Protein chains: 2
Amino acid sequence: MEPQEKFVEDFGLFFEAQNLNRTAGRIFGWLLICTPAEQTLDDLTDALQMAKSTVSTSARFLDEVGMVERVSKPGIRKDFYRIRPGFWEQALKGAMSQFAGFKQFAERGMDLVADDAAPEQVRVLKEMHSVYSFFSREFPALLEQWEREHREALNDES
Amino acid sequence: MEPQEKFVEDFGLFFEAQNLNRTAGRIFGWLLICTPAEQTLDDLTDALQMAKSTVSTSARFLDEVGMVERVSKPGIRKDFYRIRPGFWEQALKGAMSQFAGFKQFAERGMDLVADDAAPEQVRVLKEMHSVYSFFSREFPALLEQWEREHREALNDES
DNA sequence: CGGTTTGTTCGGTATTGACCGAATGAACCG
DNA sequence: CGGTTCATTCGGTCAATACCGAACAAACCG
């Protein structure tokens, strides 16, 4: 298996572990390393050796969830897919909202525990709440810090 | 549906979205709010209205992945399950290793892109790498900060 | 308009996984 | 040892989902 193929397959599995389907993972993995960066449906079916229908469905899915975008070019009838610029930053923001979700569950849980609950019981919920409210609070600043550093790095290059 | 039941079901769905099975999510959700905090298999089957075999399998799964632990009590033959103390902190460390995984994929990807790749292509991989190496680097300190704050909060209570 | 190129949808199959009840096993007690 | 109380494992069923090829639809070109 070519290193590119290996990369694509591994990425597919990795995606599957994040609860996204494997085909979508393969498409995304391929889009990360292919040349040119924009690929038509036919390019993708060719590269991934899957039915066009399958690729179409998954590519559109990736578009809908904002991981990939579809672009058109003048004079060419085919659609082109590419990874959405800024996607990775958006992914981190997604992780942040996960934190908020956990925090809410912790709060709901604390409302529900019985008054005669054992102290260790309450402790678990408190730890949960503590962790996620801390990170909901601190994460945005960290993200901003990354943005600054990243912009600087880009400027240094040019 | 009782609020407890609702909590348990919601938690099951939430867990499912994190790619863990729903039964395991229900068990975990129930363990967060039940009294007493330690529950036998029979307690669990009773609370969740599922077959003992199912609960057994999922409870053991939660034990294996370290989310729950099994404890025994003198003079009682049943096993007791409870949420593993310190679990939430451990969960965050797990998120950290996710970061490392993504970072590695970014590095593998950069080795694979063709030399004549378009600049936007390289930019995506660079952004990916930048995000995840930043967080691999910064996250541990944040975690330590949380630990300090949390310990202080515990001391204030006692 | 008829033919071609492109993308989407639809029906079917095969695989996977959740969940169940029944059988099995293992520890304990009389 | 025989019976009881636990937990685990096993075989089967049902539902969900990935993936395919073929049919369809829509845009374009001569």
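Keep in mind it's a predicted model, so treat the numbers as computed, not measured. To find a chain, count down the sequence lines: A is the first, B the second, and so on, and within it residues start at 1.
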| Mind checking whether B:Y132 and B:F102 have parallel, tilted or perpendicular rings, split at 30° and 60°? | parallel
Indicate every side-chain donor-acceptor pair of residues 54-62 of chain A with a distance under 3.5 Å to a residue at least two apart or in another chain.
unit_1 : atom_1 : unit_2 : atom_2 : d
A:T57  : OG1    : A:S53  : O      : 2.9

| For the residue pair B:F105 and A:F7, is the inter-centroid distance of their aromatic rings smaller than 6.0 Å? | yes
| query | Does a side-chain N or O from A:S56 land closer than 4.0 Å to OP1 or OP2 of C:dT8, or not? | reply | yes
| Ring geometry between B:F28 and B:F11 (parallel below 30°, tilted from 30 to 60°, perpendicular above 60°) | parallel
| message | Which nucleotide wins on minimum distance to the side chain of B:L41, given the candidates C:dT9, C:dT6, D:dT8? | response | D:dT8
| note | By nearest-heavy-atom nucleotide on DNA chain D, the more 5' of B:T54 and A:M50 is B:T54
| request: Tell me whether the OP1 or OP2 atom of D:dA7 has a side-chain N or O from B:R60 closer than 4.0 Å. | output: no
| Quick one: is B:R22 getting a side-chain N or O under 4.0 Å of the C:dA18 phosphate, OP1 or OP2? | no
| said: Can you identify which nucleotide, out of D:dA18, D:dT8, D:dG21, has its nearest atom closest to the B:K52 side chain? | reply: D:dT8
| task | May I ask you to list the residues of residues 61-83 of chain A, by number, that have any heavy atom positioned under 4.0 Å from an atom of DNA chain C? | result | A:R70, A:R77, A:K78, A:D79
| task | Specify the separation, in whole Å, of atom CG of A:L44 and atom C1' of C:dT6. | result | 14 Å
| request: To the nearest 0.5 Å, tell me how far B:E69 CD sits from B:R82 CZ. | output: 4.5 Å
| query | Should A:S53 be listed as having a side-chain N or O under 4.0 Å from OP1 or OP2 of C:dT8? | reply | no
